[in-house]
S.K.: 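Take a look at the following structure, please.
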Amino acid sequence: QVQLVESGGGLVQAGESLTLSCAFSGGASSTSALAWFRQAPGKERAFVAGCDRTGGNTQYKPPLQRRFTITRNSFKNAVFLIMTDLTPEDTGVYYCAAGVVAGTSGRKDHYTSWGQGTQVTVSA
């Protein structure tokens with residue numbers, strides 16, 4: 001089982017930027033695909049962005065790739081979500097997830113390890 005710990009959430013104003021971090025360890029973390037999901041109030045947890053085990057291939061839920069960037073640093077055992085030009089619609093709990101996936105995947109059921117989440121609140 002991969003352990004995942006998110007950090008970096010907070011309260012920001014619309015138009016600002018925020019970078020989330022996820023430290024991973026244990027299990028097959030070095031060879032796992034990683035992803036960020038978010039859960040807005042009253043909604044299902046939804047895919048945001050993902051990368052493969054190398055970080056070289058990435059996938060985004062359109063059109064978030066215009067504002068969000070996922071990067072993986074294997075030396076630091078961390079994955080980051082760089083978010084720019086935030087809007088109130090980006091408010092939610094952001095979760096880091098790991099799974100044994102060929103390449104990348106936006107499917108929630110492909111990820112078997114989850115962090116506790118970090119709250120992001122964007123005020124208008």
S.K.: Applying side-chain contact (heavy atoms from CB on, under 4.5 Å), run through Tyr60 and Val48 and close with a yes or a no.
M.R.: CA-CA 6 Å; Tyr60 296 89; Val48 172; 5.9 Å; no
S.K.: Decide whether Trp114 and Phe24 are clustered together by the hydrophobic rule: side chain heavy atoms of Ile, Leu, Val, Met, Phe, Trp, Tyr closer than 4.5 Å, transitively.
M.R.: no
S.K.: Please check if Tyr94 and Tyr111 belong to a single hydrophobic cluster, counting links between Ile, Leu, Val, Met, Phe, Trp and Tyr side chain heavy atoms closer than 4.5 Å.
M.R.: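 As far as the 4.5 Å side-chain criterion goes, Tyr111 and Tyr94 are not connected within one cluster.
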S.K.: Run the ring-centre check on Trp36 versus Phe47 and record whether the distance is less than 6.0 Å.
M.R.: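 No, ring centres 6.0 Å or more apart.
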S.K.: Is it the case that the side chains of Glu6 and Thr118 hold a donor-acceptor pair, with the cut-off being a distance below 3.5 Å and no angle test?
M.R.: no
S.K.: List the atom of Arg107, the atom of Ser105, and the distance in Å for their closest heavy-atom pair.
M.R.: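 Closest heavy-atom pair between Arg107 and Ser105: N-OG, 3.1 Å.
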S.K.: For the residue pair Leu18 and Leu86, establish whether any side-chain heavy-atom pair is separated by less than 4.5 Å.
M.R.: yes
S.K.: To the closest 0.5 Å, what do you measure between CD (Gln116) and CD (Gln3)?
M.R.: 11.5 Å
S.K.: With heavy-atom distances below 4.5 Å as the criterion, would you say the side chains of Val100 and Thr112 are in contact?
M.R.: no
S.K.: Got Thr71 and Val79 here, is their nearest side-chain heavy-atom distance under 4.5 Å?
M.R.: no
S.K.: Ala33 and Gly103: which non-hydrogen atoms are nearest, and at how many Å?
M.R.: CB-O, 3.6 Å
S.K.: Kindly compute the distance separating CG (Leu4) from OG (Ser113), expressed to the nearest 0.5 Å.
M.R.: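 One gets 6.0 Å once the value is rounded to the nearest 0.5 Å.
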S.K.: Checking the side chain of Gln39 only, and the main-chain atoms of Lys43 only, is there a donor and an acceptor separated by less than 3.5 Å?
M.R.: yes
S.K.: Whether Asp90 and Arg67 form a salt bridge (side-chain N of Lys/Arg under 4.0 Å from carboxylate O of Asp/Glu) is what I want to check.
M.R.: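 Judged by the 4.0 Å cut-off on N to carboxylate O distance, Arg67 and Asp90 do form a salt bridge.
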S.K.: Taking all atoms of both residues into account, what is the closest heavy-atom pair of Thr58 and Cys51, and its distance?
M.R.: CG2-CB, 4.1 Å
S.K.: Determine yes or no for a side-chain-to-main-chain donor-acceptor pair under 3.5 angstrom, with Gln59 supplying the side chain and Asn57 the backbone.
M.R.: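 Not at all, since once roles are kept as given, no pair shorter than 3.5 Å links the two residues.
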S.K.: How far does OG of Ser123 sit from CD of Glu16, to the nearest 0.5 angstrom?
M.R.: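 Reported value, rounded in 0.5 Å steps: 7.5 Å.
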S.K.: Determine whether Asn73 and Phe80 make a side-chain contact, defined as any pair of heavy atoms from C-beta on separated by less than 4.5 Å.
M.R.: yes
S.K.: If you measure from NZ on Lys76 to OG on Ser21, what distance do you get to the nearest 0.5 Å?
M.R.: 9.0 Å
S.K.: What's the spacing between Ile82 CD1 and Ser17 OG if we round to 0.5 Å?
M.R.: 9.5 Å
S.K.: Can Arg45 be said to sit on top of Tyr95's aromatic six-ring, NZ or CZ under 6.0 Å from centre and within 45° of the ring axis?
M.R.: yes
S.K.: Strictly below 4.0 Å, N to O, side chains only: are Asp52 and Arg72 in salt-bridge contact?
M.R.: no
S.K.: List in chain and number order the residues that pass side chain to side chain donor-acceptor pair (under 3.5 Å) with Gln119, two or more places apart in sequence or in another chain; answer none if no residue qualifies.
M.R.: Thr121
S.K.: Treat each ILVMFWY residue as a node, draw an edge where side-chain heavy atoms are under 4.5 Å apart, and state whether Val101 and Ile70 are in one component.
M.R.: no
S.K.: Is it true that Leu81 and Val93 fall in one hydrophobic cluster, defined by side-chain heavy atoms closer than 4.5 Å?
M.R.: no
S.K.: Could you check if a side-chain atom of Cys22 sits within less than 4.5 angstrom of a side-chain atom of Val5, using non-hydrogen atoms only?
M.R.: no
S.K.: I want to check something: taking the side chain as every heavy atom from C-beta on, are Lys108 and Phe37 in contact at a cut-off of under 4.5 Å?
M.R.: yes
